[in-house]
2 protein chains.
Amino acid sequence: MPADALSLTFAALADPTRRAILKRLAAGTANVKELSRPFDMSGPAVCKHLRVLERAGLIRRGREAQSRPCQLEPAPLKQVVAWAEGYRAFWDAGFDRLDVYLQKAHAQRRKEVRDARRRKR
Amino acid sequence: MPADALSLTFAALADPTRRAILKRLAAGTANVKELSRPFDMSGPAVCKHLRVLERAGLIRRGREAQSRPCQLEPAPLKQVVAWAEGYRAFWDAGFDRLDVYLQKAHAQRRKEVRDARRRKR
DNA sequence: CTTGCACGTAACCATCGGGTTAGATAGCCT
DNA sequence: AGGCTATCTAACCCGATGGTTACGTGCAAG
């Protein structure tokens, strides 16, 4: 339960139900009843999922009469992509060469690290 | 604990320690001892984290003497980005318009409700 | 005012997740 | 062989999560 934002976002996304809710919300705002329909679970369960999504900043809830419409808030998704993009170098074209390079570089570094540690004691 | 791959990946990423491990592995393969050093926690804990990462397909483990080197496996990250990209329309250029549109639609609907009520009296 | 509906909270239960310590297993080094 | 090191497993603790049912709240409509 780390308070860190990125962790909250990933945790919120680590559930198919919640991702389905987001997908549904991508088509427009919806109230809780509408959202709970497709999922075979009772109200409060969906409510909890919504709270999780809200705490992660992925949705915003308004109040309108007795209906409480939910709206998608994509900012955290942007953060997620930004984070993952940091690893892009590993999955596109150059990856194989990069891998080999890193393994070589690493053998070198491992020696250094070991020596450093030995020096430390 | 959904067996679904994307959920496994997100769940694995929803922990700062594991993300730090990935970051470390981006600099090259490393064995468990090396990985546990920066984090103030004892061996088995790191071991569990590694198992989670492995089950998510984010790392691959080899065997080399008594050391078991871990290697970054970026494919799932690609999946993550691919998934999140589906929402790109919401956070770049077009989003503001969409947001405004939704808010307007909302105001409109609220107005209708209010008018309906006024008409009723 | 009373009924009905949408939504939320409360209390509870089962399971999971992250962490610990203690003890196996396996491979190098004298 | 016997010890040292690195890794994993087992058993356990505790807080978080995902779900349930039952009840409370707010608003609108009859």
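We name chains A, B, ... by the order of the sequence lines, and we start the count at 1 in each one. These numbers come from a predicted model, not from an experiment.
- Comparing A:Gln66 and A:Ala11 along DNA chain D, the residue whose closest nucleotide (by nearest heavy atom) sits nearer the 5' end is A:Ala11.
- At whole-Å resolution of the value, CD in A:Glu34 and P in C:dA6 are 11 Å apart.
- Using a 4.0 Å cut-off, some side-chain N or O of B:Arg61 falls inside it from OP1 or OP2 of D:dC8.
- Following rounding to the nearest Å, A:Lys33 (NZ) and D:dC27 (P) show an atom-to-atom distance of 19 Å.
- Distance CZ (B:Phe39) to C1' (C:dT20): 18 Å, rounded to an integer number of Å.
- The interatomic distance linking A:Ile21 (CD1) with C:dC7 (P) rounds to 12 Å, in whole Å.
- Of the candidates C:dA6, C:dT20, C:dC12, C:dT20 carries the atom nearest the B:Met41 side chain, counting heavy atoms from C-beta on.
- Among the protein residues, B:Ala65 comes within range of the sugar-phosphate backbone only, with heavy atoms under 4.0 Å from sugar or phosphate atoms but none that close to a base.
- Remark: side-chain polar atoms of A:Arg24 are not paired, donor with acceptor, to backbone N or O of A:Arg19 under 3.5 angstrom.
- Within the 3.5 Å criterion, the main-chain N or O of A:Leu72 finds no donor-acceptor partner in the side chain of B:Tyr87.
- OP1 or OP2 of C:dG18 has not a single side-chain nitrogen or oxygen of B:Thr17 nearer than 4.0 Å.
- Ring geometry for A:Phe10 against B:Phe10 counts as tilted: the plane angle lies between 30° and 60°, on a 0 to 90° scale.
- Test A:Arg60, A:Arg61, A:Lys78 against A:Glu73 for salt bridge (charged side-chain N to carboxylate O under 4.0 Å, His left out) and you get one pass: A:Arg60.
- Checked against D:dG19, C:dC7, C:dT21, the side chain of B:Ser42 finds its nearest nucleotide in C:dT21.
- For A:Pro44, whose side chain is taken as the heavy atoms from C-beta onward, the closest listed nucleotide among C:dG18, C:dC12, C:dG8 is C:dG8.
- For A:Asp15, whose side chain is taken as the heavy atoms from C-beta onward, the closest listed nucleotide among D:dG18, D:dT7, C:dC7 is D:dG18.
- Between B:Arg18 and the phosphate of C:dG18, there is a side-chain N or O to OP1/OP2 separation shorter than 4.0 Å.
- Spacing between atom CG of A:Leu53 and atom P of C:dG8 amounts to 13 Å, rounded to whole angstrom units.
- Checking D:dG26, D:dT9, C:dG19 against every side-chain atom of B:His49, the shortest atom distance belongs to C:dG19.
- Distance A:Leu50 CG to D:dG18 C1': 14 Å, rounded to the nearest Å.
- Between A:Leu77 and B:Trp83, the closest side-chain pair of non-hydrogen atoms falls below 4.5 Å.
- Under 4.0 angstrom from either OP1 or OP2 of C:dA6 there lies no side-chain N or O belonging to A:Arg63.
- Between the P atom of D:dA6 and the CZ atom of B:Arg68 lies a distance of 12 Å, rounded to the nearest Å.
- Of the candidate nucleotides D:dT9, D:dA11, C:dC7, D:dA11 has the atom lying nearest to any side-chain atom of B:Lys48.
- The nearest whole Å value for the distance from the CZ atom in A:Arg55 to the P atom in D:dG18 is 12 Å.
- A:Leu25 pairs with exactly one of A:Ile59, A:Leu58, A:Leu53 by the side chain to side chain contact (heavy atoms under 4.5 Å, CB included) rule, that one being A:Ile59.
- For A:Arg51, a side-chain nitrogen or oxygen approaches OP1 or OP2 of C:dT9 to under 4.0 Å.
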